[in-house]
Trainee: 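Take a look at this one; I'll ask things after.
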Amino acid sequence: MRIATWNVNSITSRLQRLLAWLESTGTDVLCLQELKCAAEAFPTEPLRELGYEAAVNAGGRWNGVAILSRVGLEDPVVGLPGGPEYEGVTEPRAVGATCGGVRLWSVYVPNGREVDHPHFAYKLRWFAALRELVVRESGERPFAVLGDYNVAPTDEDVFDPAAFEGATHVTPAERRALAELRDAGLADVVPRPLKYDRPYTYWDYRQLAFPKNRGMRIDLVYGNPAFEATVRDAYVDREERKGKGASDHAPVVVDLDLRHGTA
DNA sequence: ATGACTTTCAGAGAAAGA
């Protein structure tokens, strides 16, 4: 079974690329982030024509997540249980479902903006609620949280640590939040980069960041031991970052062999 | 060969992204 996570930066702008990518890669389950569409604008029909069901958490101009599946989609949960509000609003940043026997969550962790901004404290509260979810839901069956974590786990995961001094995405507090997910039993499934030495997943649109490979690894796959045991390969599909009309994030693809896992 | 921000809502340009 092939699963993936991709921040598409607007599903309506990316729809033709998305449909083509699903067909060319044969992906069975795709976790999406940054839909940037109203719930009623989600492209349910074209996806259904390709054979995908969808669990969607969308709410307008910003954020928005979904799980697409052509191997079944059961027990959907819309929203992060116990998740915090920002300025009185519960934003659409999480959706869960069981697909092909694997319990999955698609998450879009708050950006944080600046370390002294209220959005940063919100980001840490959001991670705390995510950890609680992991403690409750991760058991014996394969379980994974995929998405845009907006944190680079180590200095190796950014093109130049000096460029991020004082910035979000690299602070000890954010990295501690990832460590707490690992303490809760999840492991970072690090993908192959396909080119260059590091598996970046995001490159800024500006200043030739992609051709210069000035990237970050912030789209992550965190899985429990039963999930890890099924992983046969993982890579960043950087080809999808190329050309006109690309998202600023590339998909992270994970191939699972559910017959040979320990689950 | 990859390409110089992009997207949304709104109807200009701010906000958000990271």
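All chains are named by letter (A, B, ...) in the order of the sequence lines, taking the proteins before the strands, and each is independently numbered beginning at 1.
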Trainee: In whole angstrom, what separates Leu220(A)'s CG from dA18(B)'s C1'?
Mentor: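 It is 14 Å, rounded to the nearest whole Å.
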Trainee: Measure from CG on Asn7(A) to P on dG17(B) and round the result to the nearest Å.
Mentor: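 Asn7(A) atom CG is separated from dG17(B) atom P by 11 Å.
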Trainee: Just checking, is any N or O donor in the side chain of Trp6(A) or Asp237(A) under 3.5 Å from an acceptor N or O on the other one?
Mentor: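 Their side chains do not contain a donor-acceptor pair, so the 3.5 Å distance test is not met.
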Trainee: What contact category does Asn150(A) fall into here, base, sugar-phosphate, or nothing, at under 4.0 angstrom with non-hydrogen atoms?
Mentor: sugar-phosphate
Trainee: Which letters describe nucleotides 5-15 of chain B, given B = protein heavy atom under 4.0 Å from base, S = only from sugar-phosphate, - = neither?
Mentor: BSSBB----BB
Trainee: Whole Å only: how far is the CD atom of Glu174(A) from the P atom of dA18(B)?
Mentor: 12 Å
Trainee: Expressed as a whole number of angstroms, how long is the span from Trp203(A):CH2 to dG3(B):P?
Mentor: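 One finds 12 Å between P of dG3(B) and CH2 of Trp203(A), rounded.
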Trainee: Taking only side-chain nitrogens and oxygens of Tyr86(A), does any of them come within less than 4.0 Å of OP1 or OP2 of dA16(B)?
Mentor: no
Trainee: Go through Asp233(A) and Arg2(A) one step at a time and tell me if the salt bridge (charged side-chain N to carboxylate O under 4.0 Å, His left out) criterion holds.
Mentor: CA-CA 9 Å; Asp233(A) 191 16; Arg2(A) 171 163 285 179; over 6 Å; no
Trainee: Rounded off to whole Å, could you give me the CZ-to-P distance for the Phe159(A) and dA18(B) pair?
Mentor: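 Taking CZ of Phe159(A) and P of dA18(B), I get 15 Å after rounding.
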Trainee: Whole Å only: how far is the CD atom of Glu87(A) from the C1' atom of dA16(B)?
Mentor: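 For the pair Glu87(A) CD and dA16(B) C1', the rounded distance is 13 Å.
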Trainee: Tell me the closest heavy-atom pair linking Val190(A) and Ala234(A), and the distance in Å.
Mentor: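 Scanning both residues, the minimum pair turns out to be O-CB, 4.3 Å.
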Trainee: Could you pick out which residue, Thr168(A) or Tyr196(A), lies toward the 5' side of DNA chain B when each is mapped onto its nearest nucleotide?
Mentor: Tyr196(A)
Trainee: Using the P atom as the point on both nucleotides, what is the distance between dA14(B) and dT2(B), in whole Å?
Mentor: 35 Å
Trainee: Look at all strands and tell whether Asn63(A) reaches a base, only sugar-phosphate, or nothing, counting heavy atoms closer than 4.0 Å.
Mentor: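 No contact.
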Trainee: Taking the same atom, P, in dA10(B) and in dA16(B), what whole-Å distance lies between them?
Mentor: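 My reading of the P atoms in dA10(B) and dA16(B) gives 15 Å.
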Trainee: For the C1' atoms, the ones on dA4(B) and on dT8(B), what distance do you get once it is rounded to whole angstrom?
Mentor: 22 Å
Trainee: Considering all heavy atoms of both residues, which atom of Val145(A) and which atom of Leu186(A) are nearest to each other, and what is their separation?
Mentor: CG2-CD1, 4.3 Å
Trainee: I'd like to know if the side chain of Ser247(A) pairs up with that of Glu240(A) as donor and acceptor (distance under 3.5 Å, no hydrogens or angles considered).
Mentor: no
Trainee: Taking only the P atom of each, what is the distance from dG11(B) to dA1(B) in whole angstrom?
Mentor: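 Here dG11(B) and dA1(B) have their P atoms 44 Å from each other.
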Trainee: Is any side-chain nitrogen or oxygen of His249(A) closer than 4.0 Å to OP1 or OP2 of dA18(B)?
Mentor: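 So the side chain of His249(A) is within the cut-off, an N or O lying under 4.0 Å from OP1 or OP2 of dA18(B).
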Trainee: Measure from OH on Tyr149(A) to C1' on dG17(B) and round the result to the nearest Å.
Mentor: 19 Å
Trainee: For Arg214(A) and dG17(B), what is the distance between atoms CZ and C1' respectively, to the nearest whole Å?
Mentor: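 So the CZ-C1' distance, Arg214(A) to dG17(B), works out to 19 Å.
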Trainee: Mind checking if Tyr108(A) touches a base, just sugar-phosphate, or nothing, with heavy atoms under 4.0 Å?
Mentor: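 Touches sugar-phosphate only.
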Trainee: Regarding Tyr52(A) and Asp28(A), do their side chains bring together a donor and an acceptor under 3.5 Å, going by distance alone?
Mentor: no
Trainee: How far apart are the C-alpha atoms of Arg70(A) and Glu53(A), what are their side-chain angles, what is the distance that settles it, and do they pass the salt bridge (charged side-chain N to carboxylate O under 4.0 Å, His left out) test?
Mentor: CA-CA 6 Å; Arg70(A) 65 176 189 182; Glu53(A) 301 172 84; over 6 Å; no
Trainee: Under the 3.5 angstrom rule, does the side chain of Arg198(A) hit a backbone N or O of Gly215(A) as a donor-acceptor pair?
Mentor: no
Trainee: Suppose you measure atom C1' in dG3(B) against the same atom in dG13(B); what distance do you get, rounded to whole Å?
Mentor: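 It works out to 26 Å between them.
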Trainee: NA contact type, Asn213(A), heavy-atom cut-off 4.0 Å: base, sugar-phosphate, or nothing?
Mentor: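 Touches nothing.
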Trainee: Touch check for Phe164(A), heavy atoms < 4.0 angstrom, all strands: base, sugar-phosphate only, or nothing?
Mentor: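 No contact.
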